[in-house]
Protein chains: 2
Amino acid sequence: MSETIEQKCLAKGVKLTEQRRIIAQVMSKSNDHPDVDELYMRVSKIDPKISIATVYRTVKLFEESGILAKHEFKGSKARYEELNEGHHDHLIDVKTGEIIEFVDDEIEKLQKKVAEKYGYDLVDHKLELYGVKKNK
Amino acid sequence: MSETIEQKCLAKGVKLTEQRRIIAQVMSKSNDHPDVDELYMRVSKIDPKISIATVYRTVKLFEESGILAKHEFKGSKARYEELNEGHHDHLIDVKTGEIIEFVDDEIEKLQKKVAEKYGYDLVDHKLELYGVKKNK
DNA sequence: GTAGATGCAAAGTATTTGCGACAAG
DNA sequence: CTTGTCGCAAATACTTTGCATCTAC
C-alpha cells in the first residue's frame, strides 16, 4: 500500500494547510487525469473559497515534491495525476480522449539502453501512444 | 532524397505564398528545433514585414499538412522541426537543453504491440528521454 | 511569533482571431 | 475574378505574481 499524500507532505517538509489537504484528497480520489480547471471545480465543491491561484500553486508544489505527475498530452491543457510507486505510461484514444495506463518493462529497459548508448543517465522520460480503437 | 517543403505544399494543395516560402526555407535550413519566437526572428531577417501571426498560422498549417512536427518538451515552449521520412525520437539533456535525435526500431515495434494488446491501431506516439551526461 | 500560505486582482506568456487590404491561382 | 492569406491590433487561454492578510507550526 502506498503512502497518502498527507504522509508524503510530512516526509518532504511541505506545510499542510487546509487547502492543500483538500486538493490532496480530491486528487487521491480521482482516478482520471484532471486539468487545473477540473480540479478547481472539484475542490470548490468542498471549499468554495479556495482560489484558482492556490490550485495552481499547489499542483506545482506537489509536482516538484514528486507527489503529482504533470502531463501535457498533445493539444490539450496540462493534466495531473497522483504519483504512486507503480510507474506507467499512457495510451490515448484520439477519438474519445479516453486514457489507458500501461506498463511495459521491456520498453523501459530499452529506453535506458538508448540513453546509455549516447552516454546519458536516464532521469525521466515521456511515452505517449495515440491510437484509434480497432473496429473488429 | 526527400521532397522540399515547397513540393510538399504543391502535393497537398497548400497555396504557396511568399511568406510561406520563406518560412519553409528557414525551417529546411534549421538543423535545430526552433520555437515560434526563434523562427520569427530568423524569418524576419529575410523579410522584416512578416508578422508573428503569420508564423503561427503557417507552422500550424504545416503541422496539419504533415510538413512540420511540433514538440512540446517538458516545461518549454512548442518547438518545430521539419518532418522527413526518417522518423526519430528525442533525448534531451536536462542540464544543457541539447537535443539528440535517435531511432530505435525495437521500441517502435513494442509500442505497436502495446497498442494492439489494448485493441488499438497506433496512429501516433511521442517518446522523449530526459537524461544527464555521465561524468566518466 | 514568524515564515510561509492564501485570496484577489492585475500582469505575464503563448497563441488565436476579426477585419479590411492584398495576392495567388 | 475569387478565394484564401496577410498584417495589425485586440482578444483569448492558461498561468504566475504582488501585496495585504491570515495560518500552521
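Each chain gets a letter, A, B and so on, in the order the sequences are listed, and its residues count up from 1. Here the structure is a predicted model, which is why all the values come from computation and not from measurement.
- The stretch residues 15-29 of chain B comes close to DNA chain C through B/Lys15, B/Leu16, each having a heavy atom under 4.0 Å from the strand.
- Comparing B/Val14 and A/Val14 against DNA chain C, the residue whose closest nucleotide sits nearer the 5' end is A/Val14.
- Side-chain rings of A/His125 and B/Tyr130 stay apart, their centers remaining 6.0 Å or farther from each other.
- The pair B/Arg21-B/Glu6 meets the salt-bridge criterion, since a charged nitrogen lies less than 4.0 angstrom from a carboxylate oxygen.
- Rounded to whole Å, the distance from CG on A/Asp37 to P on D/dA13 is 10 Å.
- Note on A/Arg42 versus A/Glu38: salt bridge recorded, some NZ/NE/NH1/NH2 to OD/OE distance being below 4.0 Å.
- Judged as a salt bridge (Lys or Arg N to Asp or Glu O under 4.0 Å), not a single pair has a partner in residues 50-62 of chain A (not counting sequence neighbours).
- Here B/His90 and B/Phe73 bring their ring centres to under 6.0 angstrom of each other.
- Under a 4.0 Å N-O distance rule, the pair B/Lys49/B/Asp47 qualifies as a salt bridge.
- Atom CD in A/Glu72 sits roughly 14 Å away from atom C1' in D/dA13 (whole-Å rounding).
- Between B/Asp124 and A/Lys74 a salt bridge is recorded (basic side-chain N to carboxylate O distance below 4.0 Å).
- Residue-environment remark: CD (B/Glu98) exceeds the threshold of 12 foreign heavy atoms within 6.0 Å.
- Within residues 39-71 of chain B, the residues having any heavy atom closer than 4.0 Å to DNA chain C are, in order of number, B/Ala53, B/Tyr56, B/Arg57, B/Lys60.
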